[in-house]
Amino acid sequence: MAPPTGTTAPDQFLFDRAAASMKDKKYLTAREYYTQIFDNYPQSPLRPEAKLGIGETYLEEGGEANLVLAENEFKEFITFYPTNSHADQAQYKLAMTHFSRMKAPQRDQTETLAAVREFEVFFDRYPNSTLTPEVRAKWRMARSRLSEASYRVGLYYFRVRWYPGAIDRFKDVLKSDPQFSNRDALYYYLAESLYRSSAEKKAEALPYFERLVKEFEKSEFLTLAQKRIAELKTAS
């Protein structure tokens with residue numbers, strides 16, 4: 001896999017072969033080409049891109065072990081080349097190593113939280129990156145997964161009638177993710193938890209029922225919310 005003897009730009013030769021292998025999804029072969037560039041051509045202008053490429057081969061290949069290796073490669077790229085024009089891409093890919101390991105909402109959310117944090121580092125460091133729309137879409141997916149996980153815990157507390165725990169969970173989701181996609185359900189169960197928890201908290205429930213009705217023209221909770229609003233206003 002070494003460049004032919006007499007090749008005037010051996011690093012470029014290897015890089016082109018690596019790119020072709022990536023296109024063909026031959027990730028191990030691509031990694032070997034990229035590694036040759038990084039290890040054997042320390043003065044090559046392609047060396048940073050080769051380092052990034054090594055990480056991308058692991059990321060694309062997937063699997064727990066490869067994603068850990070990809071994470072390490074992207075972290076090293078950012079450390080070695082913090083001002084490189086591809087640093088934003090490396091940060092995005094670093095976040096994606098966690099995004100790819102996210103679990104379902106009912107399971108442990110450690111990787112989801114890590115993905116959200118790395119996406120937010122991207123926004124802080126590279127506000128003008130052309131990758132921002134794509135990164136923001138992925139961040140929204142991760143943020144929603146995190147919120148859904150917390151919402152489900154609150155819903156469990158609601159169903160077992162531990163309303164203080166439900167209220168804390170629902171309020172935390174609303175504070176940390178005001179654009180949560182399942183917000184109508186969140187409003188309803190938060191309001192209903194307040195309504196059921198004690199007579200003193202019934203008045204605190206009213207604004208959440210009203211927000212549900214105001215913000216959502218269609219929701220399975222509209223009729224229930226409207227009924228509670230009428231009841232609370234009549235009682236006041």
Side-chain angles (χ1 to χ4, degrees), residues 15 19 22 27 31 34 37-38 44-154 168-183 186-187 190 211 215:
F15 192 85
M22 284 292 287
Y27 302 121
R31 186 155 59 244
Y34 284 134
I37 298 169
F38 190 79
S44 172
L46 296 173
R47 196 167 186 250
E49 289 185 65
K51 182 66 171 175
L52 187 62
I54 293 170
E56 288 178 337
T57 65
Y58 286 123
L59 179 60
E60 292 299 323
E61 197 167 3
E64 182 66 27
N66 283 327
L67 290 170
V68 171
L69 291 169
E71 178 186 352
N72 184 63
E73 293 295 333
F74 295 131
K75 283 181 176 179
E76 287 187 352
F77 181 98
I78 294 165
T79 299
F80 296 162
Y81 310 110
T83 61
N84 186 272
S85 61
H86 295 290
D88 59 339
Q89 185 178 352
Q91 180 61 43
Y92 174 29
K93 298 293 186 179
L94 172 57
M96 289 301 295
T97 66
H98 296 291
F99 185 90
S100 299
R101 285 178 278 176
M102 292 193 313
K103 293 181 171 60
Q106 64 271 26
R107 299 181 64 191
D108 178 71
Q109 295 301 303
T110 300
E111 292 295 344
T112 310
L113 182 58
V116 168
R117 287 172 176 166
E118 295 297 352
F119 285 134
E120 290 175 351
V121 169
F122 175 95
F123 298 138
D124 289 341
R125 291 182 181 173
Y126 313 105
N128 301 314
S129 172
T130 58
L131 296 171
T132 296
E134 183 179 350
V135 177
R136 191 163 295 282
K138 290 292 193 303
W139 169 85
R140 180 65 266 173
M141 292 171 66
R143 180 64 262 187
S144 292
R145 179 74 57 86
L146 208 57
S147 297
E148 181 68 22
S150 192
Y151 163 76
R152 289 189 181 203
V153 174
D168 287 345
R169 281 286 179 166
F170 294 142
K171 283 187 173 181
D172 180 65
V173 174
L174 197 56
K175 181 180 179 180
S176 62
D177 189 11
Q179 297 304 313
F180 177 48
S181 57
N182 203 19
R183 203 165 60 258
L186 181 62
Y187 286 152
L190 171 55
R211 285 169 71 173
E215 294 182 24

[X] side chain near [Y] side chain, heavy-atom distance below 4.5 Å:
X: Val68; Y: Glu64; value: yes
X: Glu56; Y: Tyr27; value: no
X: Tyr34; Y: Phe15; value: yes
X: Leu59; Y: Ser100; value: yes
X: Asp124; Y: Gln91; value: no
X: Glu148; Y: Ser181; value: no

Report the residues that fulfil side-chain contact (heavy atoms from CB on, under 4.5 Å) with [X], sequence neighbours left out, ordered by chain and then residue number.
X: Val153; answer: Tyr157, Arg169
X: Glu76; answer: Lys51, Asn72, Glu73, Phe80
X: Leu69; answer: Tyr58, Asn66
X: Lys75; answer: Glu71, Leu94

* **Derivation of the side chain to side chain contact (heavy atoms under 4.5 Å, CB included) call for Met96 and Phe74** => CA-CA 10 Å; Met96 289 301 295; Phe74 295 131; over 6 Å; no
To the nearest 0.5 Å, atom CZ of Arg145 lies from atom CZ of Phe99 at 7.0 Å
Practice prompt. Find the distance between CZ (Phe180) and CG (Leu174) and round it off to the nearest 0.5 Å.
Written response: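 These two atoms lie 10.0 Å from each other.
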Closest heavy-atom contact between [X] and [Y]?
X: Pro48; Y: Ser44; value: CD-O, 4.2 Å
X: Leu186; Y: Val173; value: CD2-CG1, 3.7 Å
X: Asp88; Y: Tyr126; value: CB-CG, 3.6 Å

Does any N or O in the side chain of [X] come within less than 3.5 Å of the main-chain N or O of [Y], such that one atom is a donor and the other an acceptor?
X: Arg47; Y: Phe38; value: yes
X: Ser144; Y: Met141; value: no
X: Gln109; Y: Ala149; value: no

| Should the ring pair Tyr151 and Phe170 be called parallel, tilted or perpendicular, given that the plane angle runs from 0 to 90° and is split at 30 and 60? |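 Tilted, since the angle between the ring planes falls between 30° and 60°.
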Discussion item. Before you tell me yes or no, could you show the steps for Ser129 and Val135 under side chain to side chain contact (heavy atoms under 4.5 Å, CB included), namely the whole-Å CA-CA distance, both residues' side-chain angles and the distance that decides it to 0.1 Å?
Written reply: CA-CA 10 Å; Ser129 172; Val135 177; over 6 Å; no
Salt bridge (Lys or Arg N to Asp or Glu O under 4.0 Å) with Asp177: of Arg183, Lys171, Arg140, only one passes, and it is Arg140
*How far apart are the C-alpha atoms of Met102 and Val116, what are their side-chain angles, what is the distance that settles it, and do they pass the side chain to side chain contact (heavy atoms under 4.5 Å, CB included) test?*
CA-CA 11 Å; Met102 292 193 313; Val116 168; over 6 Å; no
Exercise for review: Would you please test Leu131 and Glu134 for side chain to side chain contact (heavy atoms under 4.5 Å, CB included) and show each step?
Suggested key: CA-CA 6 Å; Leu131 296 171; Glu134 183 179 350; 4.3 Å; yes
Could you list all the salt bridge (charged side-chain N to carboxylate O under 4.0 Å, His left out) pairs where at least one residue sits in residues 104-114, not counting sequence neighbours?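 Matches after skipping sequence neighbours: Arg101-Glu111.
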Under 3.5 Å side-chain donor-acceptor pair for Glu118 and Tyr92: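 No, because no side-chain N or O of Glu118 sits under 3.5 Å from a partner of the opposite role on Tyr92.
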Side-chain donor-acceptor pair present, Gln89, Glu49, cut-off under 3.5 Å: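 Note: Gln89 and Glu49 side chains miss the donor-acceptor criterion.
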| task | Return the set of residues passing salt bridge (Lys or Arg N to Asp or Glu O under 4.0 Å) with Arg136 (not counting sequence neighbours), or none when no residue passes. | result |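 Partners of Arg136 by the salt bridge (Lys or Arg N to Asp or Glu O under 4.0 Å) criterion come out as none, since no residue qualifies.
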